[in-house]
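Just so it is clear, the structure is predicted and the values come from calculations on it, not from any experiment.
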Amino acid sequence: MSTLNPLKRVVSHVILDLDGTLLNTDGIVVEVLKIVLARYGKKWDGKKAHRIVGKTPLEAASAVVEDYELPCTIAEFMSTTTPMFSNQWCNIKALPGANRLIRHLKSKGVPFGLASNSPRPNIEAKISYHHGWADSFCTIVGGNEVKNGKPSPDVFLEAARRMKVDPSNCLVIEDSSPGVMAGKAAGMVVVAAPSLPKHDGLCNSADEVINSLLDLHPEKWGLPPFDDWIEDTLPMEPWYIGGPVVKGFGRGSKVLGIPTANLPPENISGLLSEHTSGVYFGWAGLSSRGIYKMVMSIGWNPYFNNTEKTVEPWLLHEFDDDFYGEELRLVVVGYIRPEANFPSLESLIQRIHQDGRIAEKALELPIYAGYKDDPYLKNSLQLNNCY
């Protein structure tokens with residue numbers, strides 16, 4: 001890992017936001033809003049998502065009714081959407097790094113609480129589907145338990161009061177602008193992991209902005225460091241992707257000199273919503289060729305300013321010909337770094353090759369090497385080229 005800067009400020013307690021920080025609530029919310037808006041002949045506009053992120057349920061409902069000029073009252077809108085949201089709480093997944101962070105803080109004896117704009121009953125319902133969460137927090141504060149929701153500091157100040165700690169000794173981890181503003185107004189250290197893509201600027205007042213919880217370094221704030229990094233890589237529970245290789249942007253070989261094997265967007269839309277942008281690595285199986293080491297990026301590739309989130313695997317092998325149409329299966333086993341922009345094409349290419357070297361070396365380690373024999377990859381070798 002890179003050398004960290006000297007401590008800026010030492011804290012003793014942590015206060016976490018819930019929706020968008022620990023839980024991938026946004027996807028569920030968007031799907032419900034798409035259904036409800038369609039009933040009024042309206043279409044969801046992702047560019048307006050920032051209007052509801054981090055807001056109280058009432059504020060979010062007001063914004064949607066106003067923005068889409070819906071012919072209903074805010075109360076009527078909430079009476080329709082609230083039960084729809086409640087029915088989906090069981091389907092909300094933890095964001096990458098959330099379980100790791102909770103286990104880490106608990107195992108190291110760091111007191112930590114939860115403070116959200118959501119009403120307390122909603123918070124308890126959501127976290128009940130995640131093993132061990134409810135018993136891990138020192139305190140839980142809902143938006144209905146204080147006078148004002150974020151960006152007011154009330155929920156954070158109440159959490160600190162219940163934990164019997166001075167607010168200045170607390171680290172807040174948030175995903176939204178209202179949450180960041182609330183944490184700073186409370187006099188706390190704030191680390192932001194923005195949930196909206198390309199909206200880092202909304203959290204400029206935070207003490208630090210990170211790509212995701214995977215990139216959090218507690219030791220920057222005097223807290224115990226994670227001890228699970230190995231050879232500049234972070235082991236992960238494996239996840240799986242597959243499909244026929246299709247033509248991509250045409251810049252891998254032509255612009256970068258690094259050929260990528262792209263998968264159909266429709267095959268990976270769900271995966272893109274579940275996993276944070278960044279550089280990952282693992283094993284790749286081609287149906288008629290074999291199994292190879294691979295490194296891949298997920299995200300918007302800031303240098304090229306993509307308008308859509310993509311997955312671009314690079315198989316670490318020299319191939320004599322193209323393999324469009326062949327079945328490709330990937331087992332992703334580790335994380336290297338967050339997505340980043342680069343000042344020049346040369347620096348981008350240099351970093352991609354560095355990522356490749358890190359992956360190449362790491363995949364020789366026993367913790368990763370065994371996944372080369374994963375049945376998911378073996379099965380791909382038994383498939384005929386039917387595309």
Using salt bridge (charged side-chain N to carboxylate O under 4.0 Å, His left out) as the criterion, list what pairs up with [X], not counting sequence neighbours.
{"X": "Glu59", "value": "none"}
{"X": "Arg120", "value": "Glu124, Glu145"}
{"X": "Lys93", "value": "Glu274"}

(request) Find the distance between CE (Met84) and CD1 (Ile35) and round it off to the nearest 0.5 Å. (result)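 Between Met84 CE and Ile35 CD1, I get 4.5 Å after rounding to 0.5 Å.
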(message) As a quick check of understanding, evaluate side chain to side chain contact (heavy atoms under 4.5 Å, CB included) for Lys43 and Leu37, giving each step before the final call.
(response) CA-CA 6 Å; Lys43 187 176 180 179; Leu37 290 173; over 6 Å; no
(request) Measure from the ring center of Tyr292 to the ring center of Phe319 and say whether it is less than 6.0 Å. (result)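 So the answer is yes for these two rings.
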(message) If you apply the rule side chain to side chain contact (heavy atoms under 4.5 Å, CB included), what do you find for His217 with Glu208, and how did you get there?
(response) CA-CA 11 Å; His217 291 283; Glu208 182 185 20; 5.7 Å; no
(request) Mind checking ring-ring contact (aromatic ring centres under 6.0 Å, His included) for Phe85 and listing every partner two or more places apart, or none if nothing turns up? (result)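 Listed in chain order: nothing, the list is empty.
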(message) Among residues at least two apart in sequence or on other chains, which ones pass ring-ring contact (aromatic ring centres under 6.0 Å, His included) with Tyr129?
(response)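 ring-ring contact (aromatic ring centres under 6.0 Å, His included) list for Tyr129, sorted by chain: empty.
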(request) Only counting residues at least two apart or in another chain, list the ones meeting side chain to side chain donor-acceptor pair (under 3.5 Å) with Asn144. (result)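 For Asn144 there are no side chain to side chain donor-acceptor pair (under 3.5 Å) partners, ignoring immediate neighbours.
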(request) Quickly, which of Val53, Leu213, Val180 forms a side-chain contact (heavy atoms from CB on, under 4.5 Å) with Asp175? Name it, please. (result)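 Going through the options one by one, the only one that passes is Val53.
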(message) Leu95 vs Ser212, test: side chain to side chain contact (heavy atoms under 4.5 Å, CB included). Steps then yes/no.
(response) CA-CA 9 Å; Leu95 283 161; Ser212 76; over 6 Å; no
